[in-house]
Every structure is written in C-alpha cells, then in structure tokens.
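Just so it is clear, the structure is predicted and the values come from calculations on it, not from any experiment.
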Amino acid sequence: MTRTSAIGDTVTSSARFTPGTFTPAPGRGKLGRMFLAQSRVEMLLTLRHGEQVLLTVIIPVALLVALSLMTAIPLPEPRVGSAVSRVFALAILSSAFTGQAIALGFDRRYGVLKRLASALPRWLLVGGRVTAALAVVAVQVVILGGTALVLGWRPPVGGLVWAVLLIVLGTLTFGALGVLLGGALRAEIVLALANIVWFLLLLIGGVALGVESLPSGVAAVVQLLPSAALAEGLHAAVVDGSGPGVGPVAVLVVWGVVAAGVASRTTKLD
C-alpha cells in the first residue's frame with residue numbers, strides 16, 4: 001500500500017524512521033531506571049519532611065534512651081537489648097505505616113498520585129514507596145543501633161540474620177497497612193487516624209509495654225497484633241540470638257497479605 005506526499009513522492013505506509021532520527025528518542029524509559037528514580041525521590045521527600053523526621057528518628061532515639069536508662073517501665077534484662085527490639089519495631093511502625101499512610105493520603109489529595117499514575121505503572125509506584133520505606137528503615141536501624149551500642153548493647157551474632165529478615169518482613173507488612181489506610185480515606189482523616197493508631201500501638205500494642213507486662217486476657221489479644229509480633233520477634237533475635245518462632249512470623253504474614261489484598265481493591269488515585 002502506498003500514498004503520495006504533498007511534493008509528489010511515493011511513500012510506503014510501512015516505512016519507519018530509523019533509530020536516532022530524533023533526539024531525545026521518544027518513548028518510555030527503562031523500568032529499572034524509573035524504579036530507582038522513583039524510590040530515590042520518595043526516600044528524599046520522606047527524609048526532608050520535618051514531621052517525618054520527628055516520627056522516624058527523633059522520637060525513636062528519645063524512647064530508646066528513656067527505656068534504657070529509666071527503670072520506671074519494667075523491661076526484661078538485658079535492659080538495653082529489650083529496649084532496642086521495641087524501638088526497632090516502633091521505627092518500622094513510624095516509617096512504613098504512619099509516614100506512608102500520611103504521604104499517600106496527601107499525594108492523593110493534591111493530585112500527585114493521579115499524575116504519576118499516568119506516566120508510571122501502578123506497580124512501580126507501589127514498589128518505589130516500599131523500597132523507599134526500606135531505605136528509610138535502614139537509616140533508622142543504623143542510627144538506633146549506633147545509639148544502643150553507646151548505651152551498652154552487645155548484639156548476639158546469631159540473631160543478626162533473623163533481625164534483618166524480621167525488619168524487612170515488618171516493613172512490608174506495615175507498608176501494606178499504610179497503603180490500605182492512606183489509599184482509601186480523605187487526607188485529613190488519614191492524618192488523624194494514622195497518628196492515633198501509632199500512639200495506641202506504642203502504648204498498648206506490645207511496643208512500649210511488652211506482652212508479658214499485660215494482663216493475660218489483654219495479652220492474648222495483643223499477641224495477634226503485628227506490632228507485638230514484630231517486637232517479640234525482634235526481642236528473640238537481638239537479645240536471645242534465636243529465631244522468632246512460627247507465631248510472630250505468621251501474624252506478620254497474615255496481616256501483610258490481607259492488607260495488601262484489601263488495599264489493591266480500595267486504593268484510590270484521587
């Protein structure tokens with residue numbers, strides 16, 4: 001099939017421009033580069049936000065020092081090790097859940113997510129946020145771990161691999177919960193509810209007060225919360241140097257899978 005141009009030349013309809021005819025070359029960028037760029041932007045935005053820095057660094061460090069030095073709150077010995085496990089759990093809760101939920105809620109409100117979704121695959125947006133959360137958690141762990149070493153913490157080598165695995169699993173689980181909350185409700189409601197849930201899990205969710213310090217009936221319920229499962233699993237890893245057992249891992253996996261499944265159906269772009 002042929003057609004005639006305005007100057008009388010005959011051009012076949014199957015003709016294509018050779019690569020390099022236009023600069024820059026049109027088309028979508030490589031997925032790997034897009035993924036890394038999106039993850040980097042999400043991480044920098046989190047670390048530059050004053051409220052997020054307060055949640056992710058200042059409050060966990062202050063709580064670590066308080067739990068390690070103040071005996072008003074009962075903790076198993078060694079005290080610093082017990083404090084580290086709970087503050088690690090709090091750091092993950094702050095970054096992956098509260099921070100992600102609030103950021104997602106306001107991104108939806110201002111139309112950021114909808115505009116990004118027109119240029120990036122949705123899975124890449126979610127993957128970039130999760131990767132950024134993991135990077136922020138890694139920074140938190142380094143800062144908190146260094147502070148704990150100064151306070152006298154001596155981590156057992158045998159539990160370090162378990163600790164890393166639990167930190168990754170906990171980040172994925174709370175990240176899914178953060179997307180579930182931030183993707184379904186209005187930004188103002190997300191802001192209030194995310195902070196309320198963070199405060200409640202800190203006080204009665206097995207973080208500040210361990211499950212062993214709660215009445216038996218309450219403890220049975222709290223053990224089923226992801227915050228308590230993460231704190232107890234990290235205690236076994238960074239204090240006892242052992243694996244967390246099936247219970248805490250199962251709780252985290254169930255919460256994460258259910259939250260991810262529900263979020264995939266309820267998350268809105270605006």
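Both Val130 and Val168 belong to a common hydrophobic cluster when Ile, Leu, Val, Met, Phe, Trp and Tyr are linked at side-chain heavy-atom distances under 4.5 angstrom. Hydrophobic clustering places Phe199 together with Leu225 (ILVMFWY residues linked when any side-chain heavy atoms are closer than 4.5 Å, directly or through intermediates). Under the 4.5 Å side-chain heavy-atom criterion for ILVMFWY residues, a single connected hydrophobic cluster contains both Ile58 and Val61. Hydrophobic clustering (ILVMFWY, side-chain heavy atoms < 4.5 Å, transitive): Val253 and Val251 are in one cluster. Hydrophobic clustering places Val257 together with Trp255 (ILVMFWY residues linked when any side-chain heavy atoms are closer than 4.5 Å, directly or through intermediates).
A side-chain donor-acceptor contact under 3.5 Å links Gln140 and Ser95. Residues Trp162 and Ser242 have side chains that never bring a donor and an acceptor to within less than 3.5 angstrom of each other.
Inter-residue side-chain proximity for Leu169 and Leu165 is flagged as unmet; no heavy-atom pair is nearer than 4.5 Å. Counting only heavy atoms from C-beta outward, the side chains of Phe106 and Leu191 approach each other to under 4.5 Å. Taking the side chain as every heavy atom from C-beta outward, Pro226 and Leu177 approach each other to under 4.5 Å. For the pair Leu160 and Val164, the minimum side-chain heavy-atom distance is 4.5 Å or more.
Atom-to-atom distance recorded for Leu93:CG and Leu230:CG is 9.0 Å, nearest 0.5 angstrom. We find the CH2-CG distance between Trp198 and Leu203 to be 8.5 Å, quoted to the nearest 0.5 Å. To the nearest 0.5 Å, the span separating CD1 on Ile59 from CG on Leu64 amounts to 13.5 Å. Rounded to the nearest 0.5 Å, atoms OG1 (Thr173) and CD1 (Ile92) are 9.5 Å apart. Atoms CD and CG, from Glu232 and Leu166 in turn, are 11.5 Å apart once rounded to the nearest 0.5 Å. Annotation: the span from Leu144 atom CG to Leu90 atom CG amounts to 8.5 Å, rounded to 0.5 Å.
Nearest heavy-atom pair, Val238 versus Trp153, reported as atom, atom and distance to 0.1 Å: O-NE1, 3.4 Å. Taking all atoms of both residues into account, the shortest heavy-atom contact from Val249 to Gly245 is CG2-O, 3.5 Å. Closest heavy-atom contact between Ala83 and Ser68: CB-OG, 3.7 Å. Closest heavy-atom contact between Gly105 and Ala187: O-CB, 3.6 Å. Taking all atoms of both residues into account, the shortest heavy-atom contact from Ala176 to Ala260 is CB-N, 3.9 Å. The two residues Leu234 and Ile167 have their closest heavy-atom pair at CD2-CG1, 4.1 Å.
Glu188 has a carboxylate O that lies under 4.0 Å from a charged side-chain N of Arg186, or vice versa, which qualifies the two as a salt bridge.
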Audit row: Ser82, Glu77, side chain to side chain contact (heavy atoms under 4.5 Å, CB included) steps and yes/no
CA-CA 7 Å; Ser82 298; Glu77 295 294 338; over 6 Å; no

Quick one: do Val84 and Leu67 satisfy side chain to side chain contact (heavy atoms under 4.5 Å, CB included)? Show the steps, please.
CA-CA 9 Å; Val84 168; Leu67 289 175; over 6 Å; no

Between Leu149 and Arg154, does the side chain to side chain contact (heavy atoms under 4.5 Å, CB included) criterion hold? Intermediate values first, please.
CA-CA 7 Å; Leu149 290 174; Arg154 297 298 178 263; 4.2 Å; yes

List the steps and the verdict of side chain to side chain contact (heavy atoms under 4.5 Å, CB included) for Val197 and Leu181.
CA-CA 11 Å; Val197 171; Leu181 178 60; 5.5 Å; no

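Checked by atom type and distance alone, the side chain of Arg108 pairs as donor or acceptor with a backbone atom of Gly182 at under 3.5 Å. In terms of modelled atom types and a separation under 3.5 Å, the side chain of Ser227 and the main chain of Gly205 share a donor-acceptor contact. Panel note: side chain Arg86, backbone Gly81; no donor-acceptor pair is recorded below 3.5 Å.
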